[in-house]
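These notes concern the structure reproduced below.
All values below come from the heavy atoms of this structure, side chains included, with hydrogens, waters and symmetry mates left out.
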Number of protein chains: 2
Amino acid sequence: MHKASQSLEVASANVENPQPSSRGKIKEKSSENAKIISYKPAGTGTLGKALEVLDIIALSDVPLRFTDILKTVDQPRGTLHRQLSNLIEEGLVLANPDGTYDPGLRLLKLAARAWSKNSFRSIAEPHVRKLHEATGETVHLGVLNGLEVIYVDKIESNQTVRMHSQLGNASPLYCTGIGKAMLALLPEEDVVQRAQQFAYMKYTETTLHTPELLLADIQKVRNAGVAHDREEHEVGIRCVSAGIDGGENSTVAGVSVTAPAYRISEDTILKWESLVFETARAIERDMVVSMGPRSQQ
Amino acid sequence: MHKASQSLEVASANVENPQPSSRGKIKEKSSENAKIISYKPAGTGTLGKALEVLDIIALSDVPLRFTDILKTVDQPRGTLHRQLSNLIEEGLVLANPDGTYDPGLRLLKLAARAWSKNSFRSIAEPHVRKLHEATGETVHLGVLNGLEVIYVDKIESNQTVRMHSQLGNASPLYCTGIGKAMLALLPEEDVVQRAQQFAYMKYTETTLHTPELLLADIQKVRNAGVAHDREEHEVGIRCVSAGIDGGENSTVAGVSVTAPAYRISEDTILKWESLVFETARAIERDMVVSMGPRSQQ
DNA sequence: AAATTGAGTTCCAAATAATGGAACTTGCTA
DNA sequence: TAGCAAGTTCCATTATTTGGAACTCAATTT
């Protein structure tokens, strides 16, 4: 109990869940069920601590030196030094000649596989493409991950912007169309809980920057079936989004169409609402076929 | 040579680097042993073992179940089970409802940062783009990583193919233009050593599938300053490539132009040779400016 | 229906790896 | 040249990982 509690306690709070799992599965963390969700597992175990360091290096906006990392992570110098050595040895971190550290190439290689193997993404791809063709605007496909949405696919309307520039990027749930659409799929108490955990930032005038504003909007999304981002994350940018419920698969995701506000009329928005909604439904249907109950191999 | 320089080179690209390091370096497994390059560090330490499991999951072409992984990795069931638990808890691995495992979303998020933070890539980007504009064909940017080239950027000639589909992908050095161009930059004994370690596959009729064939070609590349892939990896595909020597930075990389053989004449090839060569030189110059001696921050 | 098998999970003493404090280098600065 | 800051190494202590075996549970087999 002593040690188990430390390594896997994330689920400590959400005990007793019927979980109709057939064969046992490995302690699945906060997926759909988790009543109490701990999004910040805080590096427990050797792996967790190593990843904590890796996160600091990867998520920083400026190159970090040894001491910078040391200040962020609460550890003795000797310990951090060895952790960095291990990360470098494994190719997860790159030591620059000037004494700073960068994320390593191995991450790219792993992620390339993670992306191409992602079955949800490949199932959704034709639908995403069709939506792009129907609207002519930028389309995003995102997956729920804790308090963020992670973009797993994207088709740009404007080809001058690099396509892949944003894949894998993460945005907060509360200020994006996809984020709100996904929240609306979750049980109310789960939404309430997450709403309390956001570190709200008022990106624009219309950003929903309190749990109350957010929860009220989520209710509207539930009724409408689609979510709107009315310049809530970036001035001048609007988006229409619909949530995708993976069901069995427990994946919660969303699609969206995004465009500059000046370019689109209310009529266009209405048209997009149904297009986006239908796209989400189509993806859900394909998911049941491909990964649903009783299938796969 | 100044500042701190802890380029520990465990499995880094350049063995045998005089490296006038001033401050001590991190760890450094065995400096006199640097002749023997261990590209397969074989999971040492807790982190290494965890990554070994992650690699198996990420690099497999089919979804793996617990037992499949167990057969590949030589470990007791109990141990593997806990390792998987840890990987799942950290978001590096995703447990599917059907009992199979996939690489997790956290990898995408980390890799997105690794990519956008990669200073080499961003320095090279304008040159890569220019080369694409000058040739109208597909341009690749790759970095040396052990026995492979990892593609860090790519501009497609044919927009119908998804741009990001290949980023992070790895190919063997011996059968790609960029790979051979990079090898040509390394000291001879290093090339010989790597040449012996490849698991040669005869992809096409012209694949250089023995160390002898490869070494002979590398010599030609050294003389010419550019490397050719004459349908050595894929039938009907040719490519012209030049190596990029990071110098101080110790990054070894390469650029290439690729096109279907039927579409290009010998004249075109000649023109590309100088374009590609010049692009590589231009990138090297920019690297010295941005990350070379006396700079940073 | 009972027995068997296969797949996954849990437990715990023993083995191994990580920790953290302190001493040690080294380059830079006052 | 003394002092300082940044980075590196060492090693006894502490904590985690290991691996074998026992256990659960469902799907076959007999």
Atom-to-atom span, CG of A/Asn86 to P of C/dA18 - whole angstrom
6 Å
A/Ala282: partners by side-chain contact (heavy atoms from CB on, under 4.5 Å), with sequence neighbours left out:
A/His127, A/Arg285
Length of the line joining B/Phe66:CZ and C/dT9:P, which is rounded to integer Å
7 Å
Hey, which of these two, A/Leu47 or A/Asp68, hits DNA chain D nearer its 5' end, going by closest nucleotide?
A/Asp68
Could I get the full list of salt bridge (Lys or Arg N to Asp or Glu O under 4.0 Å) partners for A/Arg82, not counting sequence neighbours?
none
Can you check whether B/His81 has a side-chain N or O nearer than 4.0 Å to OP1 or OP2 of C/dG8?
no
Round to a whole Å and report the spacing from CG of A/Asp98 to C1' of D/dA6.
14 Å
Run the side-chain contact (heavy atoms from CB on, under 4.5 Å) test against B/Gln83 and tell me which residues pass, sequence neighbours left out.
B/Lys49, B/Val53, B/Gln75, B/Thr79, B/Leu80
Once side chain to side chain donor-acceptor pair (under 3.5 Å) is applied, do any residues pair with A/Asp102, and if so which ones, sequence neighbours excluded?
A/Asn96
Atom CG of B/Leu80 and atom C1' of C/dT10: how far apart are they, to the nearest Å?
14 Å
Look for any protein N or O under 3.5 Å of an N or O in nucleotides 19-22 of chain C and output each such pair with its distance, or none.
from, atom 1, to, atom 2, distance (Å)
C/dT19, OP1, A/Lys49, NZ, 3.4
C/dT19, OP2, A/Arg82, NH1, 3.3
C/dT19, OP2, A/Arg82, NH2, 3.1
C/dG20, N7, A/Thr79, OG1, 3.3

If you look only at pairs with a residue in residues 70-81 of chain B, which of them pass as a salt bridge (charged side-chain N to carboxylate O under 4.0 Å, His left out), with sequence neighbours excluded?
none
